Amino acid sequence: MPELPDVAGFRRVAEQATGKQVREVRVHDAQVLRGIGADAFERALRRRFFAEPRRHGKWLLIPTAAAANASAAPPTLLVHFGMTGNLQWCAHDEELHAHDRVVFDFAAGELRYRDMRKLTGIHLAREQAEVDGLLADLGPDAQRIDAAELDSRLTRTRRRLKPALMDQSVLAGLGNICADEILWRARINPNRSTAELSDGDLGRLHREMREMLRVAVRAGRIPDGASWLTGHREEPDRRCPRCSSALRRLRIGGRSTLFCPVCQPG
């Protein structure tokens, strides 16, 4: 499932269209459009210029402008990738993939929204108020939150830590794999109550989250190297890359959770 680092990678893909004019929009599957039909979507974006994309949590926002040198203006594309969505920059003659749902055609190439399961998709906001409404329930972005605000948002209610980290209204951008990786790096048990966290726990959690996301955002994905917990998720004999103890798997908040009982004692 795409998480914050993956969406950062998709943002870099979308950057290839910055300043370029949409010659044509081809909607191959209108089920990925939210709140607008295919014809209206195509009309709204044809001949628009894509402006600099930005990310908030797991959402990608692509403003448009009326001219290449104009300031960004409505409408704005808001893309949520769900479980299987992604963006691809393709040559015009590259064969259409079976899951390419929407194609934005530019003189230099095509930006394609590809999604197998179509669980979420693409919104078109014509005014800033619509953008604000779609993002209204999101907390601050996990890559940009400071330590004091993270402390405040996590400890205002008593709940288990991992579900709190994954709650998009608390903190935007973290999913299951990110949360496991951060908690393992911070040596904190995912079942801990937020009310039990010490200042040292919270400080370490923030530092490890920032460092993990810095590396993962640069890679455009959550790395799965030998020194990362993520790299051992699918091994038959899962061992902690730090202490070699057997890793444990639990369901916490309905999600499969991987952790080290030695490095992350309960």
Side-chain angles (χ1 to χ4, degrees), residues 1-8 57-58 80-85 117 119-120 137-143 145 150-151 153-198 200-217 219 221-266:
M1 178 182 294
E3 300 185 28
L4 187 158
D6 306 276
V7 180
K58 301 179 185 181
H80 194 285
F81 298 92
M83 293 186 69
T84 58
R117 296 185 65 181
L119 296 178
T120 50
D137 293 334
L138 297 180
D141 186 83
Q143 194 180 12
I145 192 171
L150 180 65
D151 182 338
R153 298 186 74 86
L154 286 179
T155 59
R156 63 180 55 170
T157 60
R158 179 188 293 270
R159 59 191 300 193
R160 286 185 292 178
L161 178 55
K162 183 180 176 181
L165 285 175
M166 293 177 59
D167 185 340
Q168 300 301 295
S169 69
V170 173
L171 192 63
L174 302 184
N176 195 47
I177 297 177
C178 273
D180 281 356
E181 188 71 43
I182 292 164
L183 290 168
W184 174 77
R185 289 171 175 269
R187 298 175 181 260
I188 301 174
N189 188 284
N191 245 333
R192 287 272 300 277
S193 168
T194 55
E196 297 171 354
L197 297 174
S198 68
D201 291 331
L202 289 161
R204 194 166 63 254
L205 181 68
H206 184 258
R207 288 193 304 273
E208 294 297 342
M209 180 176 72
R210 290 290 297 270
E211 176 59 18
M212 178 273 199
L213 289 176
R214 182 187 68 81
V215 176
V217 163
R221 60 183 180 83
I222 304 165
D224 57 1
S227 64
W228 289 64
L229 181 72
T230 304
H232 301 267
R233 295 189 75 89
E234 304 306 323
E235 292 180 352
D237 180 27
R238 292 183 290 268
R239 295 280 167 176
C240 174
R242 184 163 47 214
C243 74
S244 298
S245 298
L247 295 170
R248 289 188 61 192
R249 194 183 289 273
L250 295 175
R251 290 197 73 80
I252 299 176
R255 303 300 300 274
S256 177
T257 299
L258 190 67
F259 73 103
C260 174
V262 175
C263 294
Q264 301 164 266

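Since the model is a prediction, treat every value here as computed from it, not as a measurement.
- Rounding to the nearest 0.5 Å places CG of Asn191 at 4.0 Å from CD1 of Ile252.
- A heavy-atom distance below 4.5 Å is not found between the side chains of Glu196 and Asn189.
- Considering only residues two or more places apart in sequence or on other chains, Thr84 meets the side chain to side chain donor-acceptor pair (under 3.5 Å) condition with Asp115.
- Residues passing the salt bridge (Lys or Arg N to Asp or Glu O under 4.0 Å) test with Arg210: none are found, sequence neighbours excluded.
- In terms of heavy-atom proximity, Phe81 sits nearest to Pro2 at CB-CG, 3.9 Å.
- By the neighbour-count criterion of 12 heavy atoms within 6.0 Å, atom CZ of Arg248 is sparsely surrounded, having that number or fewer from other residues, nucleotides or ligands.
- When the salt bridge (Lys or Arg N to Asp or Glu O under 4.0 Å) test is applied to Lys58, no partner is found at least two apart in sequence or on another chain.
- With sequence neighbours excluded, the residues that form a side chain to side chain donor-acceptor pair (under 3.5 Å) with Arg185 are Glu181.
- Looking at residues two or more places apart in sequence or on another chain, you find a side chain to side chain contact (heavy atoms under 4.5 Å, CB included) between Arg249 and Arg233, Arg238, Ser256, Leu258.
- Looking at Glu234 and Asp224, their side chains never come closer than 4.5 Å, going by heavy atoms from C-beta outward.
- Here CG of Leu247 is found 8.5 Å from CD of Glu235. Values are rounded to the nearest 0.5 Å.
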Asp180 vs Lys162, side chain to side chain contact (heavy atoms under 4.5 Å, CB included): CA-CA, chis, key distance, verdict: CA-CA 8 Å; Asp180 281 356; Lys162 183 180 176 181; 2.8 Å; yes
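- Smallest separation of non-hydrogen atoms from Thr257 and Arg255: OG1-O, 3.2 Å.
- Arg160 pairs by the salt bridge (Lys or Arg N to Asp or Glu O under 4.0 Å) definition with nothing, not counting sequence neighbours.
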Table please: side-chain donor-acceptor pairs of residues 259-266 below 3.5 Å, with sequence neighbours left out.
{"from": "Gln264", "atom 1": "OE1", "to": "Cys260", "atom 2": "N", "distance (Å)": "2.8"}
{"from": "Gln264", "atom 1": "NE2", "to": "Leu183", "atom 2": "O", "distance (Å)": "3.4"}
{"from": "Gln264", "atom 1": "NE2", "to": "Ile188", "atom 2": "O", "distance (Å)": "3.0"}

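- With sequence neighbours excluded, no residue forms a salt bridge (Lys or Arg N to Asp or Glu O under 4.0 Å) with Asp151.
- Heavy-atom minimum distance, Met166 versus Ala179: CG-CB, 3.9 Å.
- Within the 3.5 Å criterion, the main-chain N or O of Ser198 finds a donor-acceptor partner in the side chain of Asp201.
- Residues passing the ring-ring contact (aromatic ring centres under 6.0 Å, His included) test with His206: none are found, sequence neighbours excluded.
- Note that the CD1 atom of Ile222 and the CG atom of Asp6 stand 6.0 Å from one another [nearest 0.5 Å].
- For the pair Thr194 (side chain) and Arg159 (backbone), a donor-acceptor distance under 3.5 Å is present.
- Expressed to the nearest 0.5 Å, how far CZ of Arg153 lies from OG of Ser169 amounts to 7.0 Å.
- Within the 4.5 Å cutoff, side-chain heavy atoms of Leu205 are placed close to those of Ile182.
- Heavy-atom minimum distance, Arg239 versus Ala246: NH1-N, 3.5 Å.
- The minimum heavy-atom distance between Pro5 and Cys178, with the atom names listed, is CD-SG, 3.8 Å.
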Worked verdict on Leu150 versus Leu202 for side chain to side chain contact (heavy atoms under 4.5 Å, CB included): CA-CA 8 Å; Leu150 180 65; Leu202 289 161; 5.6 Å; no
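- Remark: Arg214 pairs with Glu211 by the side chain to side chain donor-acceptor pair (under 3.5 Å) rule, at least two apart or across chains.
- Ala172 meets the side chain to side chain contact (heavy atoms under 4.5 Å, CB included) test with His56, Leu138, Gln168; sequence neighbours excluded.
- Side-chain atoms of Leu213 and Leu174, non-hydrogen and from C-beta on, do get closer than 4.5 Å to each other.
- Atoms OG1 and CG, from Thr230 and Asn176 in turn, are 10.0 Å apart once rounded to the nearest 0.5 Å.
- Nearest heavy atoms, Gly82 versus Met1: O-CG, 3.4 Å.
- Going from atom CE of Met212 over to atom CG of Leu4 covers 9.0 Å, rounded to the nearest 0.5 Å.
- In this structure, Asp137 has no side chain to side chain donor-acceptor pair (under 3.5 Å) partners at least two apart in sequence or on a different chain.
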